[in-house]
Structures are given as C-alpha cells and as structure tokens.
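Index from 1, following the sequence. Here the structure is a predicted model, which means the values were calculated and not measured.
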Amino acid sequence: MLFIGAVQAVVTAAEFDREPTLTELDAIEAEMPVISAEVELLDVQISLLDRPVSELDGRRLRRARRRVLAARTELANRVGAAFTVGDGVA
C-alpha cells in the first residue's frame, strides 16, 4: 500500500489569521460606544418587526437613533481633535 503525503509545505498562519494588535484593540475600544448604540438600535428595530409601532415604541426608536448619532458625533469629534492636534495644525 502506498502512502500519499502532502506535496506542499506546512501552511503557517496567514496575516488575517492572527490576534489583533494593540493599535487595533485601541481603535475598537474607541468605537465601542458607537457599536453599543448601534446594537441597541438594532434590538429596538428587531422588536418592532412583527407588531404595530405604539407611541412608546416610537420614542424608544427615536431615542436609540439619537444615541447612535450622538455616539458617532462624539467619535468623529474625538478623531478630528486628535488629528488636528497631532498634525500640528491648531
């Protein structure tokens, strides 16, 4: 009986198959308020899929949308402020 072995060399971990770097983890941490707000908005939207929207549901939806916009605005302002300070343009 013949043994058939692999002809190719052992495959090592590709670049996409690694742990995140500290810089990537910091970026994720900075975006966490936006991610949390978007998850909350998605939860509200999912809960409203199979029923008519009441006045209270409408408020929940508007509140969740405002939280997403506020989180995005805060993140954009933080990134913009860091860019202008780090860039030397003040």
Side-chain angles (χ1 to χ4, degrees):
M1 179 169 176
L2 286 174
F3 178 73
I4 301 174
V7 178
Q8 298 175 342
V10 176
V11 178
T12 59
E15 183 165 333
F16 61 86
D17 190 24
R18 60 175 173 72
E19 296 293 321
T21 63
L22 291 177
T23 305
E24 292 169 336
L25 288 174
D26 288 341
I28 292 169
E29 184 67 30
E31 292 177 10
M32 236 14 232
V34 175
I35 294 168
S36 298
E38 288 176 343
V39 167
E40 183 180 339
L41 175 60
L42 186 60
D43 286 342
V44 172
Q45 290 172 334
I46 289 171
S47 71
L48 299 177
L49 283 177
D50 60 344
R51 65 176 190 212
V53 179
S54 68
E55 184 177 336
L56 182 60
D57 293 333
R59 286 186 209 160
R60 284 180 56 214
L61 184 59
R62 286 191 300 274
R63 193 174 302 127
R65 285 179 179 157
R66 283 195 303 264
R67 284 187 188 128
V68 169
L69 290 175
R72 286 180 181 171
T73 302
E74 183 181 337
L75 179 64
N77 288 339
R78 261 191 292 158
V79 169
F83 180 72
T84 56
V85 170
D87 193 23
V89 179

Other than L42, which residues form its hydrophobic cluster under the rule that side-chain heavy atoms must be closer than 4.5 Å? I46

With sequence neighbours excluded, residues passing salt bridge (charged side-chain N to carboxylate O under 4.0 Å, His left out) with R62: none

Closest heavy-atom pair, V53 versus G58, reported as atoms and distance to 0.1 Å, is CG1-N, 3.6 Å

Applied to residues 42-52, the salt bridge (charged side-chain N to carboxylate O under 4.0 Å, His left out) test, sequence neighbours excluded, yields R51-D57

Is it true that, when you exclude L22 itself, more than 12 heavy atoms of the residues, nucleotides or ligands shown sit nearer than 6.0 Å to its CG? no

In a table with atom names and distances, give each donor-acceptor pair under 3.5 Å that connects a side chain of residues 24-35 to protein atoms at least two apart or in another chain.
{"residue": "E24", "atom": "OE1", "partner": "R18", "partner atom": "NH1", "Å": "3.3"}
{"residue": "E24", "atom": "OE1", "partner": "T21", "partner atom": "N", "Å": "2.9"}
{"residue": "E24", "atom": "OE2", "partner": "R18", "partner atom": "NH2", "Å": "3.4"}

If the condition is salt bridge (charged side-chain N to carboxylate O under 4.0 Å, His left out), which residues does E55 pass it with, not counting sequence neighbours? R59

Atom pairs and distances, side-chain donor-acceptor, residues 66-74, under 3.5 Å, sequence neighbours left out:
{"residue": "R67", "atom": "NH1", "partner": "E40", "partner atom": "OE2", "Å": "2.3"}
{"residue": "R72", "atom": "NE", "partner": "E38", "partner atom": "OE2", "Å": "3.3"}
{"residue": "R72", "atom": "NH2", "partner": "E38", "partner atom": "OE2", "Å": "2.7"}
{"residue": "T73", "atom": "OG1", "partner": "L69", "partner atom": "O", "Å": "2.7"}

